[in-house]
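Data first, discussion second: the structure below is written as structure tokens.
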Number of protein chains: 2
Amino acid sequence: MALPRIPRERSLTYGLVESLGQLIVTGAYDVQPFPTEGQLSRQHGTSRSVTREAVKMLTAKGLLQARPRQGTSVTPEAQWNLLDPDVLRWLLERKFSLQLLAEFTEMRLAIEPAAAALAAARADREAIGRIREGLKRMKAAGQGEDEPVAADIAFHTAVLAATGNRFFAQLDPLINTALRISIRFTNRIKGRAAGIARHEEVLDAIAAGDAERAALAMRSLVGEVLALITAASTQSGTARKVARRTAST
Amino acid sequence: MALPRIPRERSLTYGLVESLGQLIVTGAYDVQPFPTEGQLSRQHGTSRSVTREAVKMLTAKGLLQARPRQGTSVTPEAQWNLLDPDVLRWLLERKFSLQLLAEFTEMRLAIEPAAAALAAARADREAIGRIREGLKRMKAAGQGEDEPVAADIAFHTAVLAATGNRFFAQLDPLINTALRISIRFTNRIKGRAAGIARHEEVLDAIAAGDAERAALAMRSLVGEVLALITAASTQSGTARKVARRTAST
DNA sequence: CCGGCACATATTATATGATTATTAATCTCA
DNA sequence: TGAGATTAATAATCATATAATATGTGCCGG
């Protein structure tokens with residue numbers, strides 16, 4: 001069997017993109033002006049080529065803008081491409097806020113029920129099989145840390161893929177990232193048993209080709225998550241605790 | 001009054017990103033292998049710095065990947081970041097397909113009703129004012145080419161902004177691009193009078209704070225567009241005509 | 001005191017050439 | 001035949017130089 005090709009993605013440039021991306025989203029450059037190319041190079045011990053290429057990548061993601069004489073600067077947050085997986089990841093991992101997680105979950109609440117409905121309408125056998133597989137993994141998973149999370153993610157990924165719609169599928173990495181954070185968070189509050197039952201409901205409806213029921217089931221599933229999040233953002237004690245825990249990861 | 005600052009965005013690098021992006025999405029490199037850095041530089045008359053930085057930007061958008069000895073290559077289409085405004089624009093403008101437009105509209109059908117509901121629930125006076133303004137512009141607009149389109153886009157933009165949710169707002173440039181194409185297309189088929197009435201319905205519901213009605217109204221609005229598109233993709237005559245017209249723009 | 005205009009200047013943009021690191025492909029030898 | 005060494009192609013990185021471009025800044029005339 002073919003060896004799982006190891007993607008490098010660990011060049012100086014990519015490393016710098018990661019570092020800078022995280023620094024930017026955490027607001028490190030909100031007070032001090034963004035350094036010039038030369039300063040950046042010196043600070044990170046990279047040549048100007050590497051620096052420039054990293055800056056260009058961040059520009060492509062909407063985080064930076066550069067003009068001669070004026071220098072490079074962080075773009076206003078409204079222009080950041082939140083739908084870029086890297087940007088969302090940096091934000092959720094490095095500048096966690098219940099507000100942001102809630103807003104993203106609001107979008108999930110729009111997307112995932114529709115995805116379930118599309119999957120049910122499409123009724124692709126193979127795709128449904130993969131959803132079922134995800135659910136099985138959830139049931140089989142012990143109380144460890146990693147596997148239950150991976151299984152849950154596999155379930156949602158499979159639903160998105162089953163839509164046969166490239167844009168829904170494209171949301172997968174975003175939802176993955178948010179789920180990882182989200183699960184870490186909701187697990188604190190309630191057990192997983194009820195969750196599995198709800199997931200089962202979604203699968204049943206999709207397998208039965210009942211789009212409407214699938215959408216409703218998925219809506220209640222995601223809606224519950226959103227409810228937990230918004231509830232927590234009022235009782236700020238929990239919120240702060242999670243924020244701290246996440247930031248330190 | 002402050003002069004409208006002219007964004008440059010017309011450097012060699014950005015120009016090359018545009019050219020290459022369009023070439024890539026149109027499948028120009030599906031048969032021949034992607035050129036090496038040196039070849040690219042010669043072909044486009046740019047230095048290697050510019051070439052490399054453009055390639056890096058396209059890498060950030062998921063269109064390219066590069067490894068030593070193996071060279072640069074176009075990533076499989078599934079990995080393209082369709083949610084990047086540039087990528088979507090290149091695809092819709094240079095490689096128009098009813099299939100893609102339909103898939104995007106399916107996503108709009110998930111997003112926009114939810115956005116309308118959120119806007120209604122939020123009931124931000126000022127934001128609703130901007131929606132109303134968009135509608136007024138639609139009514140006032142003559143039969144010219146540009147203004148009605150701009151007004152329609154302003155309406156949808158205002159609704160997305162009124163959600164107060166950054167992710168919904170982030171979808172704005174994508175929906176703008178798709179709308180421009182979409183309108184160009186649906187106008188061929190039916191007049192605009194009915195459209196205005198539907199838009200009015202959405203505004204009324206939002207202004208009344210009736211989330212459910214707002215969602216329903218928006219759903220029927222977008223649903224109609226989707227119906228037109230899917231209907232057209234069966235009778236391929238129209239489809240081909242639009243495709244040609246779009247490609248030549 | 002004010003407004004406009006030329007100009008110096010800091011910074012990014014572009015160009016060029018050389019060197020290094022990586023890795024697919026090839027070759028060698030047991 | 002297969003494992004290990006070698007080769008070669010290519011991106012990655014570095015270093016340096018020149019060009020383009022805004023943005024103050026100061027001068028001048030009113």
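Here is the naming used below: chain letters follow the sequence lines, and residue numbers restart at 1 for every chain.
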(message) Could you check whether the side chain of B:Ser49 and the base of C:dA15 have a donor-acceptor pair of N or O atoms closer than 3.5 Å, going by distance alone?
(response)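 In this structure, the two groups form a donor-acceptor pair.
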
(request) Give a yes or no on whether a donor-acceptor pair under 3.5 Å exists between the nucleobase atoms of D:dT13, that is its base, and the side chain of A:Arg52. (result) no

(message) On a heavy-atom basis, which atom in B:Leu101 and which in B:Ala178 lie closest, and how many Å separate them?
(response) CD1-O, 4.3 Å

Separation of atom [atom1] in [X] from atom [atom2] in [N], rounded to whole Å:
| X | N | atom1 | atom2 | value |
| --- | --- | --- | --- | --- |
| B:Leu40 | D:dA11 | CG | P | 9 Å |
| B:Glu37 | C:dA15 | CD | P | 14 Å |
| A:Arg42 | D:dC14 | CZ | C1' | 16 Å |
| B:Gln65 | D:dT10 | CD | P | 17 Å |
| A:Leu16 | D:dC14 | CG | P | 10 Å |
| A:Met57 | D:dT13 | CE | P | 11 Å |
| B:Arg48 | D:dT16 | CZ | P | 17 Å |
| B:Glu53 | D:dA12 | CD | C1' | 13 Å |

Under 4.0 angstrom between [X] side-chain N/O and [N] OP1 or OP2:
| X | N | value |
| --- | --- | --- |
| A:Ser47 | D:dC14 | yes |
| A:Gln70 | D:dA22 | no |
| A:Thr46 | D:dT13 | no |

(message) Using the side-chain contact (heavy atoms from CB on, under 4.5 Å) definition, which of the options A:Val50, A:Thr51, A:Thr46 pairs with A:Leu40?
(response)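 Only one option passes, and that is A:Thr51.
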
(request) Take B:Gly71 and A:Thr13, find for each the nucleotide of DNA chain D with the closest heavy atom, and name the residue whose nucleotide sits nearer the 5' end. (result)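 Checking each residue's closest nucleotide, the 5'-ward one belongs to B:Gly71.
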
(message) Let me spell it out: for each of A:Lys56 and A:Arg69, pick the nucleotide of DNA chain C with the closest heavy atom. Which residue's pick is nearer the 5' end?
(response)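 The residue mapped nearer the 5' terminus is A:Arg69.
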
Between [X] and [Y], a side-chain donor and acceptor under 3.5 Å:
| X | Y | result |
| --- | --- | --- |
| A:Asn176 | A:His156 | no |
| B:Gln99 | B:Glu103 | yes |
| B:Gln170 | A:Trp80 | no |

(request) For B:Thr36, answer base if it contacts any base atom (sugar-phosphate contacts may also be present), sugar-phosphate if it contacts only those atoms, and nothing otherwise; contact means non-hydrogen atoms under 4.0 Å. (result)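 Contact class for B:Thr36: sugar-phosphate only.
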
